[in-house]
Amino acid sequence: MKIYWTGSSKNLVGPKVRTLRIQNGMTQKALAARLQLAGYDMTDLTILRIENGTRFVPDYEVKALAELFGVSYADLLDE
């Protein structure tokens, strides 16, 4: 697997995840807990790193986040 990184952020979904999380009244810990219940190994620190752009987000996690928030993949990937 080759990872492309421009040096500014390791993912495109971080800002949208933060916005959706806040709009849904969730803390980072609550979001991580919901993802854990869905079978994903995430903590509040993982969510923090995603939102800050310091963690790569694989496609299966983009799918999980989109399903949890009830949005399309494109909605998460649009800046």
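Owing to the predicted nature of the structure, the values given are computational and were not obtained by experimental measurement.
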Leu48 CG to Thr54 OG1 distance, which is reported to the nearest 0.5 Å: 6.5 Å
task: Just grab all the salt bridge (charged side-chain N to carboxylate O under 4.0 Å, His left out) pairs involving residues 19-32, residues at least two apart or on different chains.
output: Arg21-Glu51
message: Taking side chain to side chain donor-acceptor pair (under 3.5 Å) as the cut-off, I'd like each qualifying pair that reaches into residues 57-66, sequence neighbours left out, listed once.
response: Arg55-Glu61
- prompt: Between Asn24 and Phe69, which heavy-atom pair has the shortest distance, and what is it?
  reply: ND2-CD2, 3.6 Å
- request: Please identify each residue that fulfils side chain to side chain donor-acceptor pair (under 3.5 Å) with Ser72, with sequence neighbours left out.
  value: Asp75
field: Derivation of the side chain to side chain contact (heavy atoms under 4.5 Å, CB included) call for Leu20 and Leu76
entry: CA-CA 9 Å; Leu20 289 167; Leu76 277 181; 3.7 Å; yes
Please table the atom pairs, donor to acceptor, closer than 3.5 Å between any side-chain atom in residues 30-43 and protein atoms at least two apart or in another chain.
| unit_1 | atom_1 | unit_2 | atom_2 | d |
| --- | --- | --- | --- | --- |
| Gln36 | NE2 | Met42 | O | 2.3 |
| Thr43 | OG1 | Leu45 | N | 3.2 |
| Thr43 | OG1 | Thr46 | N | 3.2 |
| Thr43 | OG1 | Thr46 | OG1 | 3.2 |

query: Is there a donor-acceptor pair closer than 3.5 Å between any side-chain N or O of Asn11 and the backbone N or O of Val57?
result: no
- line: Residues at least two apart in sequence or cross-chain that pass side chain to side chain donor-acceptor pair (under 3.5 Å) with Asn52, listed by chain then number, are Arg18
- request: Could you tell me the separation between the CZ atom of Phe56 and the CD1 atom of Ile50, rounded to the nearest 0.5 Å?
  value: 12.5 Å
- request: Establish whether Val71 and Leu65 are linked, either directly or via other cluster members, by ILVMFWY side-chain heavy-atom contacts under 4.5 Å.
  value: yes
